[in-house]
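Notes for the one structure printed next.
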There are 2 protein chains.
Amino acid sequence: MPAPRRPGPQPPDRPEDRAFLASYDPSAFERPSVTVDVVLLAPLDGHLHTLLIRRPGPPFQGAWSLPGGFVRMDESLDAAAARVLRAKTGLERVFLEQLYTFGTPGRDPRMRIISVAYYALVDPGRFGEVTVPGEDFLLARIQPSRAGAAPVLKGAGSKPLALAFDHAEILAAALQRIRGKIDYAPIGYELLPESFTLHQLQQVHELVLGRKLNKDSFRRRLLASGQLEATGAIQQDVDHRPAALYRFRRGAEG
Amino acid sequence: MPAPRRPGPQPPDRPEDRAFLASYDPSAFERPSVTVDVVLLAPLDGHLHTLLIRRPGPPFQGAWSLPGGFVRMDESLDAAAARVLRAKTGLERVFLEQLYTFGTPGRDPRMRIISVAYYALVDPGRFGEVTVPGEDFLLARIQPSRAGAAPVLKGAGSKPLALAFDHAEILAAALQRIRGKIDYAPIGYELLPESFTLHQLQQVHELVLGRKLNKDSFRRRLLASGQLEATGAIQQDVDHRPAALYRFRRGAEG
DNA sequence: TTAATAGTGTCTCTGAGACACTATGTG
DNA sequence: CACATAGTGTCTCAGAGACACTATTAA
């Protein structure tokens, strides 16, 4: 939620500080590893889906996991999340926001790893761009669930998927976050192509919220919000009356 | 925000995993330091206040900063925040929630430090319990400000305080978070003693939101929410009609 | 023409704001 | 008594749900 991060104010450059810095021993404290994990969400076939990667080695070898990776020493957390997402999926210029930081000791059996979780939202068309280099991946369907309930994932088989590490918890936190946010923040648009119908926007909101919405008041509310702008075009190739297409008015988020 | 954290599911114990673990070299990646910083908030004299600690050494020697400290290898992030708050202020059993993680390279001039920020809410009476061992501290007044505007801090002098590192940004994020949350989450009660009047509760909401609220609808809304329970007692030692005292019904958060 | 979805007009219900009024304490 | 704050009753207005109705496309 904070605004874009800048380096903070710099302290005055004084000789005694330089002496202190030179004598400072960064190895005095044992340090944890820090990673980012990304929950990538998009609607597909009437369900939310998330991208999972099969773990190529232990621990949890063969299990499904969120795309993740270590934070480098010279990059911000936001930059690490964008880099990891690009490296693991090929996707760039994606809506990406910090979610929560998970750091329970033992969440990774190898060593102490603190993971800063992010969530990313894309429109379903961009799932087509996904290329996972040399790795097995899956777009897992997230079963509709009400707030509070743990989300259930479905892959190709009939059994619900279990995720590696505490990734089920991270996924649940991401779903809870967008559920709480979609009513007042313009995140629904991130799950749709550039232009869309009001019905498609309503379907996205219903997917995220896990319940049906009233058509009339949804239309009224969104049209009154000033967030939408008619493109002038209408839907093509539908076997019923085509709907007007809208786009999100960036900047005018009221 | 996620439910209490447990260690994730453990992988099956297989011989080949043990071999992998034995060969795993944790020093292969350079690691950042990880700290927690705590924004402690309480209402006092009609203003929100936050506890600051004077930096005893460089960088930013003599400047005011949030209480913080390194995360130990064997404790969770929540536990680290509670421990740091206890060590720096003596306060225990405080409402404490993770806020956001700040990790811009250069935010600490000494080395790469990633800080998991928390915010803590206490009632003003508990400020009396605060003891900062051998350290200079200050309860700084947060000037009323509307959403979006950067918060302004006042200490004893007339000039606004500047904080060390990116701590002003962390404070701003904490204020923004509780502003967004107080309308639907029972956090206002954390800023009040066990029993309180509706007027005191309204004042706390007004402090957090930075604006006056309508008395009638505030009363109606809170009484209808089912969150409040009359204690049966009334205010003492006031020079006007005493108000009824209420307490928060924990568990019944609707 | 029918089926299907898009889109409009209007009634009702609920919650917030406004305001008038009564209640109960102190000095 | 005056004065201050606590607390109630009721009117109005705005937004959400419900529902009836019209519009426009394909088959």
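Computed over heavy atoms, backbone and side chain alike; hydrogens, waters and symmetry mates excluded. Because the structure is a prediction, the values reported are computed rather than measured.
Regarding A:D183, its CG atom lies at a distance of 14 Å from the C1' atom of D:dG15, rounded to whole Å. The distance between atom CG of B:L245 and atom C1' of D:dG7, rounded to the nearest whole Å, is 15 Å. Rounded to whole Å, atom P of D:dA6 lies 15 Å from atom CG of B:L222. The nearest whole Å value for the distance from the CD atom in A:Q202 to the P atom in D:dG17 is 10 Å. C:dT8 atom C1' lies 18 Å from atom CZ of A:F218, rounded to whole Å. As a whole-Å value, the separation of B:Q236 CD from C:dG25 C1' is 11 Å. Rounding to whole angstrom units, CD of residue A:Q235 and C1' of D:dA23 are separated by 15 Å. Note: CG (A:L213) to P (D:dG15) measures 18 Å, nearest angstrom.
When each of B:D216 and A:R221 is assigned the nucleotide of DNA chain D bearing its nearest heavy atom, the one mapping closer to the 5' terminus is B:D216. In terms of position along DNA chain C, the nucleotide closest to A:D239 lies nearer the 5' end than the nucleotide closest to the other residue of the pair A:T197 and A:D239.
Between A:T101 and B:T101, the side chains place a donor N or O and an acceptor N or O closer than 3.5 Å (distance only, hydrogens not considered).
The B:H240 side chain lies nearest to D:dA4 when the options are D:dT25, C:dA6, D:dA4. Which of D:dA6, D:dG17, C:dA18 sits closest to the side chain of A:N214 comes down to D:dG17. Proximity note for A:A244 (side chain, C-beta onward) versus C:dG25, D:dA16, C:dG7: the nearest is C:dG7.
A donor and an acceptor atom sit less than 3.5 Å apart, one in the side chain of A:R241 and one in the base of D:dA23. Residue B:K215 places no side-chain atom within donor-acceptor reach of the base of C:dG17, judged by atom type and a 3.5 Å distance cut-off alone. A donor and an acceptor atom sit less than 3.5 Å apart, one in the side chain of A:R220 and one in the base of D:dG17.
Within the structure, every side-chain polar atom (N or O) of B:S217 is placed at least 4.0 Å from both OP1 and OP2 of C:dG15. Residue B:R219 has a polar side-chain atom (N or O) positioned under 4.0 Å from OP1 or OP2 of D:dG7.
Residue A:A42 comes nearest to A:V122 through the heavy atom pair CB-O, 3.2 Å, listed as atom of the first residue, atom of the second, then distance.
Aromatic ring orientation, B:H167 versus B:F165: tilted (interplanar angle from 30° to 60°).
For the pair A:T104 (side chain) and A:R107 (backbone), a donor-acceptor distance under 3.5 Å is absent.
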Check your understanding: Passes ring pair (Phe, Tyr, Trp, His ring centres under 6.0 Å), A:F218 versus A:H205? Steps please.
Key -> CA-CA 10 Å; A:F218 184 82; A:H205 280 242; 5.0 Å; yes
